[in-house]
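Read the numbers this way: they start at 1 and go in the same order the structure lists the ligands and their atoms.
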Amino acid sequence: MRSLRTGLSLAAVAGSLALLFTAPAAHAADTPLRDLAAAKGKVIGTAVTGSKLTGTYGDLAGAQFNSLTPGNAMKWGSVEPTQGSFDWTEADQIVAFAQAHNQQVRGHTLVWHNQNPNWLTNGSWTSAQLGSLLQNHITTEVSRYKGRITAWDVVNEPFNEDGTYRSTIWYNGLGADYIANALTWAHAADPAAKLYINDYNVEGVNAKSTALYNLVKDLKGRGVPIDGVGLQAHLIVGQVPATLQQNIQRFSDLGVDVAVTELDVRMALPADSAKLAQQAADFKSVVAACVAVTRCAGVTVWGFADSDSWVPGTFPGYGAATPYDDNYAPKPAYYAIVEALGGTTTTPPPSGACSATYSVQSQWNTGFTGQVTVSCSGASLSSWTANWTFGAGQRITQAWNATCTQSGSSVSCANASYNGSVPDGGSVTFGFNGSWSGSNPVPTVTLG
Ligand code: G3I
């Protein structure tokens, strides 16, 4: 049951009482996600940007997560922008932050077709040159962080949707065995690191995940060092594949670990309470699927706050894909992760960024006129219900601009046909007459 917390700000305005409601600013009393995950033997991680690891962002990254993945800092284009000239600044910073906060690091990523340096992609290389460039890159980077990286996304996104190999600089230049060689070179540089192949749209059982399954089976049969598969899980609200847990289980049965490596759940903007609730259910089912399978190592979210997500830049009109909003307030998805990790929430999830204000407009011997304003900021609603409990026997006698029902002391007012929509930055007001005797205290209103 969600409710808004009262800001306990009581203001008397021209003979009326107004009670303001604010969303919770923090959740300090709740057990951090990382403690809940650790109790289940799981990783809960986030992708991070090194330059942001201060202030609230740094506090949350350190307090809530037990694993960090550099979102961009370890990619080839970041670490070797000019051939032979390395820049490890951001990668080092993230690894140091993780060590200081007793966190794992997930290395991301050694072999990919994106975010490679121009000198590499624009060069004209023989197959032998390309193989040696790749071997040197892997050896240099894995050796640098030897003993400090728990798991590496060695190969990223090798497949097309139909399960054929993606045409890339690596496949085209080296053939399919670039994958086995990359794993072998990485293992030589850090034998203790867990080595993964990572891809998207492989969360459910489908042609692409089956190709990945067959590759892993083949690699294991050949004695190639492969420890796990990463399911990126860049999902759309309401579309968690029904076969997610079954898919995690089949890889696990093959003898490899599974990690959800880049979870986010995007929605068409603006967000509203229904979409945020569905998103929470989606986060919960993904985390629960991992918790249910022993060899699922854990879940990493691809940025923990909406203001740090890649989604709006890549899918215009979509966003709000992470567990915290733009201002680092936890969203319903955050509380859903808590619950999937076996925790209980001491702070009720806020109902997006919409809230209700109750005020007494006028009052006479036994009657009064009241008003409730539903307003949204940073979110919107397509329908609403305002609920409250009268504390002193008040009764609604008549309402306008909403349909109100009262049962005992409980009142529930639903929008009229014409005012269910509350846009971001907008508000809707309805009114009522009621009876009272003795006292007429202002109730707490929650939005449902
Ligand atoms: O650093 C430059 C900055 O100097 C410049 O001003 C700015 C202007 O566009 O671009 C900045 O680089 C951006 C970089 O992120 C760092 O913010 C790139 O344009 C942008 O394309 C790049 O996007 C990254 C994307 O991978 C590239 O494919 C995202 O941040 C990153 O989150 C995303 O991560 C990938 C995973 O590695 C693999 N799985 C999919 C996932 C999402 O695309």
Side-chain angles (χ1 to χ4, degrees), residues 45-53 57 61 65 67-82 85-94 105-121 137-138 141 149 151-161 166-171 179 182 186 195-203 208-209 212 228-237 239 258-267 286 299-324 326:
T46 182
V48 290
T49 302
S51 59
K52 296 186 179 176
L53 285 169
Y57 182 98
F65 301 94
S67 176
L68 300 183
T69 302
N72 290 297
M74 288 186 172
K75 292 169 181 173
W76 199 334
S78 300
V79 301
E80 195 183 6
T82 304
S85 163
F86 295 89
D87 182 356
W88 304 104
T89 315
E90 189 189 352
D92 284 355
Q93 180 196 357
I94 293 169
V105 179
R106 189 173 184 91
H108 176 86
T109 177
L110 297 168
V111 192
W112 195 23
H113 56 276
N114 279 334
Q115 289 178 287
N116 285 319
N118 289 336
W119 64 262
L120 174 67
T121 48
H137 167 65
I138 291 172
E141 183 152 0
I149 303 285
W152 271 106
D153 291 329
V154 177
V155 178
N156 199 35
E157 303 174 359
F159 288 110
N160 293 315
E161 298 304 294
R166 186 192 288 270
S167 165
T168 69
I169 183 173
W170 309 117
Y171 181 74
I179 297 173
L195 305 182
Y196 279 66
I197 301 172
N198 188 49
D199 215 326
Y200 63 89
N201 288 350
V202 293
E203 293 75 33
K208 193 174 185 180
S209 67
L212 178 58
V229 296
L231 316 180
Q232 292 187 6
H234 294 292
L235 303 176
I236 298 170
V237 72
Q239 296 184 26
V258 179
V260 176
T261 52
E262 306 183 14
L263 177 61
D264 49 32
V265 181
R266 63 185 180 269
M267 62 184 68
V286 172
V299 175
T300 288
V301 295
W302 204 244
F304 62 86
D306 291 342
S307 45
D308 188 42
S309 171
W310 68 294
V311 168
T314 303
F315 299 100
Y318 282 77
T322 80
Y324 287 83
D326 286 336

May I ask whether [atom] is less than 4.0 Å from at least one protein heavy atom?
atom	result
atom 16 (C) of ligand 1	yes
atom 5 (C) of ligand 1	no
atom 32 (O) of ligand 1	yes
atom 1 (O) of ligand 1	no
atom 12 (O) of ligand 1	no
atom 22 (C) of ligand 1	yes
atom 25 (C) of ligand 1	yes
atom 38 (C) of ligand 1	yes

Tell me: protein heavy atom nearest [atom], and distance?
atom	value
atom 40 (C) of ligand 1	Glu262 OE1, 3.2 Å
atom 30 (O) of ligand 1	Asn72 ND2, 2.9 Å
atom 27 (C) of ligand 1	Gln115 OE1, 3.1 Å
atom 34 (O) of ligand 1	Trp302 NE1, 3.2 Å

Determine whether any heavy atom of Trp112 lies closer than 4.0 Å to an atom of ligand 1.
yes

Check ligand 1 against [X] and write out every atom of the ligand that is under 4.0 Å from a heavy-atom position of the residue.
X	answer
His108	36 (C), 37 (O), 38 (C)
Gln232	38 (C), 39 (N), 40 (C)
Asn156	38 (C)

Only heavy atoms count here, so choose which of Met74, Lys75, Glu157 is nearest to atom 35 (C) of ligand 1.
Lys75

Polar side chain donor-acceptor pair, Asn156 to Gln232, under 3.5 angstrom:
yes

Is the closest side-chain donor-acceptor distance between Thr322 and Asp264 under 3.5 Å?
no

Would a 4.5 Å heavy-atom cut-off, applied to side chains only, mark [X] and [Y] as touching?
X	Y	answer
Tyr200	Glu262	no
His137	Leu120	no
Phe159	Arg166	no
Trp112	Asp153	no

Between Thr109 and Asn198, does the side chain to side chain contact (heavy atoms under 4.5 Å, CB included) criterion hold? Intermediate values first, please.
CA-CA 9 Å; Thr109 177; Asn198 188 49; 5.9 Å; no

Do Leu235 and Leu263 pass the side chain to side chain contact (heavy atoms under 4.5 Å, CB included) test, and can you show the C-alpha distance, the side-chain angles, and the key distance before you say yes or no?
CA-CA 7 Å; Leu235 303 176; Leu263 177 61; 4.0 Å; yes

Side chain to side chain contact (heavy atoms under 4.5 Å, CB included) between Thr46 and Leu68: does it pass, once the steps are laid out?
CA-CA 5 Å; Thr46 182; Leu68 300 183; 3.9 Å; yes

For residues Asn160 and Lys208, report the shortest heavy-atom separation together with the two atoms involved.
O-CG, 3.4 Å

Just to verify, which of Val301, Thr300, Val48 counts as forming a side-chain contact (heavy atoms from CB on, under 4.5 Å) with Phe65?
Val301

